[in-house]
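Just below is one structure, and these are the notes that go with it.
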Amino acid sequence: MCGIVGYTGDQQAAPILLAGLEKLEYRGYDSAGLAVRDGERVPEVVKAKGRLRALAEKTDNGRAMRGNCGIGHTRWATHGEPSENNAHPHCTDDRSVVAVHNGIIENYQEIREKLIKNGYTFYSDTDTEVAVKLIDHYYKKYNEGPLDAMARAMMRIRGTYALAVMFKDYPEEIFVARQDNPMIIGVGEGESFIASDVPPLLPYTRKVYYIGNQELGRLHKGEVTFYNIDQEEIQKELVTIEWDAEAAEKGGYEHFMIKEIHEQPRAVRDTLNSVIRDGHIDLTEAGLSDDVIRSLKRIYIVACGSAYHAGVAAQYVIEDLARIPVRVELASEFRYRNPILEENSLVIIISQSGETADSLAALRLAKSQGVPTMAIVNVVGSTIAREADHIFYTLAGPEIAVATTKAYSTQLVAGYLLGVQFAHVRGTITEEKYEELLAALQELPDQIAKLLEDDKERIQWFAAKYANAKDVFFIGRGIDYAVSMEGSLKLKEISYIHSEAYAAGELKHGTISLIEDGILVVSILTQEALYEKMISNMVEVKCRGAYLMGLTTAGNYNIEDTVDFAVYIPKTDEHFTPSLAVVPLQLLGYYVSVSKGLDVDKPRNLAKSVTVE
Ligand code: G6P
């Protein structure tokens, strides 16, 4: 989704803004723009459709835009097609107000009509231009300055926004406002920054403020003041970001995705080590006491995309080990179906970004019904992390590729840790089993590393062979079905090959009619009790012409009698096999996309952080 950057200081703003937007490219966008001003002069606005490269060329890498104060934007179209005209920044005709915006103004039509009556005209199809002109309207009508105009606009606007605004009469200053869309303010020596996410700030500063909902900020060079919507000054805590700048760079890898795949052993180890202390799982930092765990009657896991798939895996683990009923739901469904949340329930929201609009709405819905909430989140200080009652941070570090890999892997591990600990506290597993499970968990990082070492080239070869496939099926039973869903999503989102995940036993009920000669069926079978059932399902598709890839545990070598291409994962406890099985599937998606010459890290139409519903 849209990315925002801003700068005011003594350096030239445009190159800093462009570099910042480059770091936000992963969010997904289809046009970009900058507004930069030199002292008291009105801002110069330059926009370009398509990749950031086009904007960089147009501005001679920013050198052609002089000035020390500016805002920038990458736009992911919501209102109006991707075009230069609809790209941000948007401004009034006299450029007295210039702004960038991330989010959606729901009542923009109604406001637009009001403004037309007041003599305004519109050059774009965007809701943002409406917001800019509304601010301008209040600014000129009441003559009470930028904060007043913005606060009035905030009261009139329905929807979500992260707004950064420059006013002609206020050189070297940027005004910001926020409602449900991410925005971070960084401060350095004599300079201040705005960004939608941490990576653009890292080369300059680690000192940041998180601006809250319905709050405003006024940025001067190296100094920021915050206000509530009544324009009363409020104090905010200056937070230090721990991520290092290198973590947000490609570090010699061709793409972020492959770099992040290789970071999984580290990410999983860090996440495990954050809660395993002296041979025990300790969830006190998440604030989950043993009494709360014992009282749980039901768990709801709510998430979107891959985080939802991690939730499906967690459901199998928690139900099987801790015997607590778990229901997993897509956040976009949960939030509108008026769910009945029983007493002694826990709602767990899983989200890498901590900003996904539907997941955030689901969290708020649960809270409004008085149900305790827990968030499994990667981005520290994100909205979901701040609003949940309990927080379990996954320690994946910054994830840049749109297709998640390491964050998903850490979400899986968070789910296992909860399952094992809930089981231990509730006495549904023995002390011996607990120790066994903990030992198996701690082996996972090395096992993932080994898989990456052993399998990469074979999968690369196989991916090149299947790069022209039209349809692919992923099948599995039990927890392998959860992995099938993630494997299928990985392939389709970055290779644009249609693929579907099916519970293997369900194929016969319709889908098998799609199987024809040469179609690739990726079968995952890591569960001993389901192994033979899976083989039967695989034979059913094979005899109808399918080409079979089998993904199973080392030792099941007889699989080679059935499949055309076998991949083995190391032995682990059967609850934890998703962490290993997903690795070859991530590699498969990655290498198919590379073979097809596609934009692996920034697949078309997708966004990393989906801040609109
Ligand atoms: C987007 C991303 C997915 C991600 C989903 C949920 O669609 O492209 O990779 O799984 O959002 O995001 P979250 O940040 O809540 O985990």
Side-chain angles (χ1 to χ4, degrees), residues 1-3 24-29 76 102 180-182 196-198 256-257 260-261 267 271 301-314 328-335 347-364 373-388 391-415 482-483 485-496 501 582 585-586 589-590 593 599-613:
M1 301 274 130
C2 307
L24 294 178
E25 277 194 290
Y26 71 88
R27 296 172 69 82
Y29 69 101
W76 190 84
N102 173 18
D180 286 342
N181 268 287
S196 303
D197 197 356
V198 175
F256 278 111
M257 183 174 176
E260 288 161 4
I261 287 175
T271 306
I301 302 180
V302 188
C304 304
S306 295
Y308 168 77
H309 297 158
V312 178
V328 194
E329 286 195 64
L330 293 165
S332 52
E333 289 299 310
F334 178 86
R335 63 179 293 192
V347 171
I348 302 178
I349 307 286
I350 308 181
S351 175
Q352 186 284 128
S353 62
E355 301 290 351
T356 303
D358 285 320
S359 305
L360 176 60
L363 171 78
R364 289 181 178 162
T373 55
M374 173 174 200
I376 298 176
V377 167
N378 194 43
V379 177
V380 176
S382 56
T383 312
I384 293 176
R386 280 182 287 149
E387 293 193 15
I391 172 85
F392 186 133
Y393 278 118
T394 52
L395 301 184
E399 191 178 63
I400 310 293
V402 167
T404 175
T405 51
K406 61 174 179 169
Y408 166 81
S409 282
T410 56
Q411 290 164 350
L412 281 178
V413 164
V483 189
M485 292 162 100
E486 179 59 9
S488 169
L489 180 61
K490 277 305 79 111
L491 180 73
K492 74 180 120 192
E493 65 182 340
I494 53 173
S495 74
Y496 314 149
V582 79
L585 303 180
Q586 295 168 337
Y590 173 75
S593 181
D599 195 346
V600 179
D601 287 335
K602 299 184 283 289
R604 69 183 178 207
N605 306 338
L606 293 183
K608 178 87 184 151
S609 176
V610 180
T611 48
V612 296
E613 44 172 302

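When a ligand or atom number is given, it counts from 1 through the structure's own listing order. The residues of the chain are indexed from 1 along the displayed sequence. Values in this document were obtained by computation on a predicted structure and should not be read as measured data. Values below: all heavy atoms of this structure, side chains included; hydrogens, waters and symmetry mates excluded.
- Considering only residues two or more places apart in sequence or on other chains, Asp601 meets the salt bridge (Lys or Arg N to Asp or Glu O under 4.0 Å) condition with none of them.
- Taking each heavy atom of Pro182 and Ser196 in turn, the nearest pair found is CB-O, 3.5 Å.
- Listed by chain and number, the residues in a side-chain contact (heavy atoms from CB on, under 4.5 Å) with Ala314 are Ile301, Ile318 (sequence neighbours excluded).
- Closest approach of Glu260 and Pro398 over heavy atoms only: OE2-O, 4.1 Å.
- Partner of Thr404 under the side chain to side chain contact (heavy atoms under 4.5 Å, CB included) criterion, chosen from Glu399, Met257, Gln411: Glu399.
- In this view, Glu329 and Arg327, Arg337 satisfy the salt bridge (Lys or Arg N to Asp or Glu O under 4.0 Å) rule, not counting sequence neighbours.
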Pairs under 3.5 angstrom, nitrogen or oxygen on both sides, ligand 1 versus protein: list them out, please.
residue  : atom   : partner : partner atom : Å
ligand 1 : 8 (O)  : Ala607  : O            : 3.0
ligand 1 : 9 (O)  : Val402  : O            : 3.4
ligand 1 : 10 (O) : Ser306  : N            : 2.9
ligand 1 : 12 (O) : Thr356  : OG1          : 3.4
ligand 1 : 14 (O) : Ser351  : OG           : 3.4
ligand 1 : 14 (O) : Gln352  : N            : 3.4
ligand 1 : 14 (O) : Ser353  : N            : 2.7
ligand 1 : 14 (O) : Ser353  : OG           : 2.6
ligand 1 : 14 (O) : Thr356  : OG1          : 3.4
ligand 1 : 15 (O) : Ser351  : OG           : 2.6
ligand 1 : 15 (O) : Thr356  : OG1          : 2.5
ligand 1 : 16 (O) : Gln352  : N            : 2.6

